[in-house]
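One-based numbering, in listed order, for ligands and for the atoms of each.
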Amino acid sequence: MNFLEERIVKDGVVKEGNILKVDSFLNHQLDVELFDKMGEEWAERFKNEEINKILTIEASGIGIACIVARHFNVPVVFAKKSHSVNLDGEMYTAEVESFTHKNKNQVIVSKKFLNSGDKVLIIDDFLANGCALQGLISIINQAGASVSGIGIAIEKGFQNGGQIIRNMGYHLESLAIVDAMDASTGEIVFRK
Ligand code: 5GP
């Protein structure tokens with residue numbers, strides 16, 4: 001097991017409804033040392049990619065992306081979730097359905113902060129069905145920028161987002177892939 005898998009086994013809690021709760025180190029209380037190790041790992045895995053910007057999505061992605069960015073020396077942009085439809089044309093937008101909250105949000109990025117020619121590393125905490133990633137990819141495409149890679153902390157391999165994103169040809173690096181988990185026993189099985 002790698003360092004993140006070990007931490008998930010130690011502190012993660014499997015909830016009903018295919019939810020893995022990791023709020024003691026990733027989603028609420030934040031283990032900055034752990035994020036730093038994740039950044040080191042992604043810097044190695046993406047060392048052959050050209051990257052000049054990191055894009056993430058609020059809220060849980062922001063803390064991770066900021067620490068990770070220290071290993072790439074690039075700025076972080078986060079997509080904002082907005083219920084407002086009053087958009088003035090100065091924003092790239094995409095619709096994202098939240099897996100955890102079961103609602104739909106517009107996500108927006110100002111045209112000021114994403115430009116054609118940008119080579120973007122997407123960072124996020126979880127990959128489930130891939131809606132959040134597809135929204136971010138759409139925003140990058142609208143800007144005429146390109147996706148250099150996608151770094152995910154925890155991929156739930158029993159949901160189909162990872163397969164969809166890999167089939168699209170993106171360089172996806174998930175630090176922990178959960179292939180099965182059981183809310184009644186708490187057991188978590190990782191992909192080898
Ligand atoms: P997707 O868009 O891939 O279906 O879901 C990804 C988003 O849903 C992540 O950004 C994350 O915030 C949230 N999410 C999905 N599954 C889980 C989970 O098991 N636990 C937690 N804490 N968040 C999740």
Side-chain angles (χ1 to χ4, degrees), residues 4-5 7-31 34-35 38-39 42 54-69 76-83 92-109 120-141 147 149-191:
L4 183 59
E5 292 166 339
R7 188 58 179 274
I8 293 166
V9 168
K10 182 167 161 273
D11 291 328
V13 180
V14 182
K15 295 282 186 188
E16 293 294 343
N18 283 338
I19 296 287
L20 177 61
K21 224 167 157 50
V22 286
D23 56 358
S24 65
F25 60 97
L26 199 79
N27 284 147
H28 193 10
Q29 176 169 259
L30 309 180
D31 185 338
L34 181 80
F35 294 0
M38 287 160 53
W42 277 319
I54 288 178
L55 179 66
T56 188
I57 182 164
E58 71 176 0
S60 303
I62 298 174
I64 301 169
C66 287
I67 304 299
V68 167
V76 174
V77 177
F78 65 92
K80 296 184 174 208
K81 290 177 183 161
S82 161
H83 298 288
Y92 300 115
T93 70
E95 193 172 75
V96 171
E97 186 168 355
S98 165
F99 176 79
T100 36
H101 299 108
K102 307 285 177 225
N103 61 354
K104 283 186 180 170
N105 280 303
Q106 286 281 115
V107 298
I108 59 176
V109 172
V120 183
L121 173 64
I122 299 174
I123 294 288
D124 205 4
D125 58 343
F126 271 91
L127 170 55
N129 293 323
C131 290
L133 279 186
Q134 302 233 37
L136 295 177
I137 291 168
S138 162
I139 282 174
I140 290 168
N141 289 338
V147 179
I150 301 171
I152 295 290
I154 306 172
E155 174 180 336
K156 293 192 292 182
F158 53 86
Q159 293 181 247
N160 61 3
Q163 197 185 353
I164 292 169
I165 296 295
R166 288 189 182 88
N167 286 346
M168 290 167 84
Y170 292 109
H171 180 182
L172 168 63
E173 293 285 353
S174 302
L175 300 183
I177 303 180
V178 175
D179 266 340
M181 55 189 203
D182 186 332
S184 60
T185 61
E187 195 195 358
I188 301 170
V189 179
F190 296 103
R191 191 169 299 174

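- Ligand 1 lies under 4.0 Å from heavy atoms of Asn18, Ile19, Leu20, Asn27, Phe99, Thr100, Asp124, Asp125, Phe126, Leu127, Ala128, Asn129, Gly130, Cys131, Ala132, Lys156.
- In this structure, Ala183 and Glu16 approach most closely via the heavy-atom pair CB-OE2, 3.6 Å.
- With sequence neighbours excluded, no residue satisfies side chain to side chain donor-acceptor pair (under 3.5 Å) with His28.
- The two residues Phe99 and Asn18 have their closest heavy-atom pair at CE2-O, 4.0 Å.
- Judged by distance alone, the side chain of Gln159 and the main-chain N or O of Leu127 form no donor-acceptor pair under 3.5 Å.
- Under the rule for a side chain to side chain donor-acceptor pair (under 3.5 Å), the partners of Asp31 that lie at least two apart in sequence or sit in another chain are Arg7.
- For Asn141, the side chain to side chain donor-acceptor pair (under 3.5 Å) criterion is met by no residue, not counting sequence neighbours.
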